[in-house]
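Scroll down for the structure; my scribbles are underneath it.
All residue numbers in this chain count up from 1 along the given sequence.
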Amino acid sequence: QVQLVESGGGLVQAGGSLRLSCAASGRTFSSYAMGWFRQAPGQERKFVVTISWSGGSTAYADSVKGRFTISRDNAKNTVYLQMNSLKREETAVYYCAASNDFLRIAAGTGDYWGQGTQVTVSS
């Protein structure tokens, strides 16, 4: 069992940056692939990015390539999402997810989920 807690959301102007964190409980964090998803009001949850257990492999949604960066610190049981050049349409609740299967997250789902953190991008 893995418990995930996101933080770092908030209000930012368009073009600005935020860094989200996802802290995981459990001693097996380093064995899990991790990912970030987002859900805008009235829309389905969508895949944003995933990272393998070692950090050696990543996969990004086309819409965030070049602007978002995922990283992880297995010693701290934490995964990060650095978001730059944010756009208004990226206002959403951002969720952290974990899975034993990197491809499962890349395909759009996970086995464990956090409660989400709100990111609001203003004009």
### Message
In this structure, is the centre-to-centre distance between the rings of Y95 and F37 below 6.0 Å?
### Response
no

### Query
Given the side-chain rings of W53 and F102, with only the six-membered ring counted for Trp, is the space between their centroids under 6.0 Å?
no

### Message
Could you check whether any side-chain N or O of S99 sits under 3.5 Å from a backbone N or O of G110, counting only pairs where one atom can act as donor and the other as acceptor?
### Response
no

### Message
Would the distance check show the side chain of E6 and the main-chain N or O of Q115 forming a donor-acceptor pair, the cut-off being under 3.5 Å?
### Response
yes

Output the distance between atom [atom1] ([X]) and atom [atom2] ([Y]), rounded to the nearest 0.5 Å.
{"X": "R72", "Y": "T78", "atom1": "CZ", "atom2": "OG1", "answer": "10.0 Å"}
{"X": "R104", "Y": "T50", "atom1": "CZ", "atom2": "OG1", "answer": "12.0 Å"}
{"X": "I51", "Y": "Y80", "atom1": "CD1", "atom2": "OH", "answer": "11.5 Å"}
{"X": "L20", "Y": "W36", "atom1": "CG", "atom2": "CH2", "answer": "4.5 Å"}
{"X": "Q1", "Y": "T28", "atom1": "CD", "atom2": "OG1", "answer": "10.0 Å"}
{"X": "F68", "Y": "S63", "atom1": "CZ", "atom2": "OG", "answer": "7.5 Å"}

### Message
Looking at E44 and R38, is there a salt bridge between them, counting it only when a charged N and a carboxylate O are closer than 4.0 Å?
### Response
no

### Task
Indicate the atoms forming the closest heavy-atom contact of N100 with D111, along with that distance.
N-OD2, 3.8 Å

### Query
Can you check whether V119 reaches L18 side chain to side chain, under 4.5 Å on heavy atoms?
yes

